[in-house]
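Structure first, commentary second.
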Amino acid sequence: MASLPRNIREILLRIYGVDLEDIEEIRLREGRPISVCAGNRIYHLDSSGHVVSAQEAYIVERKDIETIVQLISNYSIYAFEDELKNGFITIRGGHRVGLTGKVIMDGGQIKTQKYISCVNVRITKEFRGIAENLMRYIMASGRIKNTLIVSPPRCGKTTLLRDIGRNISWMGFNVGIVDERSEIAGCHNGVPQRDVGPNTDVLDGCPKDVGIMLMIRAMSPAVIITDEIGGDGDIKAICECLKAGVSIITSVHGYGVDDVKSRPALRGVFENALFDRYIILSSRLGTGTLEGIFDGKGDPIYVGPRRLEVKK
């Protein structure tokens, strides 16, 4: 809340019709209505915090955008050029603020952004213990199985990755997190804001293909955890990771094993039999629905659906 303009904070504090604890995103678009996302639904709010139609909602002004950019950058947006290039800034608490505006190119690469006009505050939430009932499928005889979480967007894969890593860390293994988008550990000034366990090292904001090898050389982890693999470089780095005797737990966007198999960029995952376990998530019963767990050949070990819950 401290990173939002005062008038926006007051709207949210007076919110009526949506549980404040359920809000996942706060979107501010210059000249357009303020909106919040909760439970996969979008709600528009008026200046009193009531849920209204888009036509009746509070319209975000230029000064609102300017104020939030100043607050999240500590009044020095130029010190965050690398973050602007990637489109987001991670703030205290591990929350991620996405920013879009006029892109400045340099040699075919994004150099930075200016004239920011759209802001998306993504509220990071922790669900400690959500992975506990899955650990028996991931650990066997003291060995960490190479695991790929397959999930559409907004179905809880990053939350699950974080809790798997936290569990393994508490078991006494050294865990290395290569957190390219600052979403798993939610680092602020290099320090994890999320609970990633006592034996976990984090490489923040580093591309996966480079970071995996750096983590192996620098920190000698038993397992590396990263998010959203996709390119040839990621696959090659994972192969090198496994050759070094380090386990890998990661995720990919998709709707099931067959969907992932059909993608040319990910064919190497299956041709090289990189993973021992596939965990499939969806939102069928709500965020964090476990659809199934499959072995390295694609044979089912567990078939859902069931909602992943924090173990009591």
Side-chain angles (χ1 to χ4, degrees), residues 1-5 8-9 12-13 20-28 36-38 68-77 79-99 119-132 149 153-170 173-208 211 214-215 218-219 221 223-228 249-251 287-288 308 310:
M1 283 287 192
S3 297
L4 295 172
I8 303 298
R9 291 202 304 268
L12 293 170
L13 290 172
L20 190 60
E21 294 298 318
D22 292 337
I23 293 178
E24 300 161 357
E25 294 181 350
I26 304 163
R27 290 184 179 263
L28 307 176
V36 297
C37 180
I68 191 171
V69 169
Q70 289 172 348
L71 289 170
I72 65 175
S73 66
N74 246 350
Y75 296 90
S76 181
I77 192 63
F80 286 84
E81 278 204 348
D82 285 342
E83 287 85 351
L84 287 175
K85 178 174 63 178
N86 292 322
F88 65 89
I89 294 175
T90 302
I91 60 176
R92 189 175 300 278
H95 310 296
R96 194 174 82 168
V97 182
L99 304 161
V119 177
N120 177 24
V121 182
R122 295 186 62 181
I123 310 300
T124 299
K125 298 179 182 180
E126 285 193 276
F127 295 92
R128 293 181 181 90
I130 200 169
E132 289 187 18
I149 299 172
R154 301 172 60 86
C155 290
K157 61 180 173 47
T158 305
T159 301
L160 182 58
L161 270 176
R162 182 188 305 121
D163 203 55
I164 289 172
R166 187 186 64 83
N167 272 272
I168 294 172
S169 182
W170 277 105
F173 294 91
N174 286 323
V175 176
I177 294 178
V178 179
D179 201 1
E180 183 171 358
R181 296 176 178 85
S182 304
E183 290 187 305
I184 304 173
C187 287
H188 177 70
N189 293 336
V191 179
Q193 304 292 293
R194 305 290 95 189
D195 181 1
V196 292
N199 300 303
T200 299
D201 305 298
V202 180
L203 191 58
D204 183 53
C206 182
K208 291 181 284 293
L214 192 159
M215 184 64 78
M219 306 309 293
V223 59
I224 286 179
I225 292 177
T226 190
D227 204 1
E228 297 182 17
I249 299 176
T250 186
S251 69
T287 301
L308 291 175
V310 175

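Along the sequence shown, residues are numbered consecutively beginning with 1.
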T158 side chain vs E183 backbone, donor-acceptor pair below 3.5 Å: no
Does G94 offer a backbone N or O that forms a donor-acceptor pair with the side chain of H188 under 3.5 Å? no
Step by step, would you call F88 with L84 a side-chain contact (heavy atoms from CB on, under 4.5 Å)? CA-CA 6 Å; F88 65 89; L84 287 175; over 6 Å; no
More than 12 heavy atoms of other groups within 6.0 Å of R92 CZ: no
Examine distances only and state if a side-chain atom of N120 and a backbone atom of R27 form a donor-acceptor pair shorter than 3.5 Å. no
Checking the side chain of D201 only, and the main-chain atoms of G176 only, is there a donor and an acceptor separated by less than 3.5 Å? no
Is there side-chain contact between K208 and M215, with at least one heavy-atom pair below 4.5 Å? no
From CA spacing to verdict: side-chain contact (heavy atoms from CB on, under 4.5 Å), I149, I164: CA-CA 11 Å; I149 299 172; I164 289 172; 4.1 Å; yes
Using atom types as modelled and distance alone, determine if a side-chain donor or acceptor of R162 lies under 3.5 Å from a backbone N or O of I184. yes
Are K157 and E228 close enough for a salt bridge, meaning some N to O gap below 4.0 Å? yes
Apply side-chain contact (heavy atoms from CB on, under 4.5 Å) to I89 and L99, showing your working. CA-CA 8 Å; I89 294 175; L99 304 161; 3.9 Å; yes
Does E25 come within less than 4.0 Å of R154, counting only side-chain N to carboxylate O? yes
Between R128 and D195, does any side-chain N to carboxylate O distance fall below 4.0 Å? yes
Donor-acceptor contact present, side-chain T226 to main-chain V178, <3.5 Å: yes
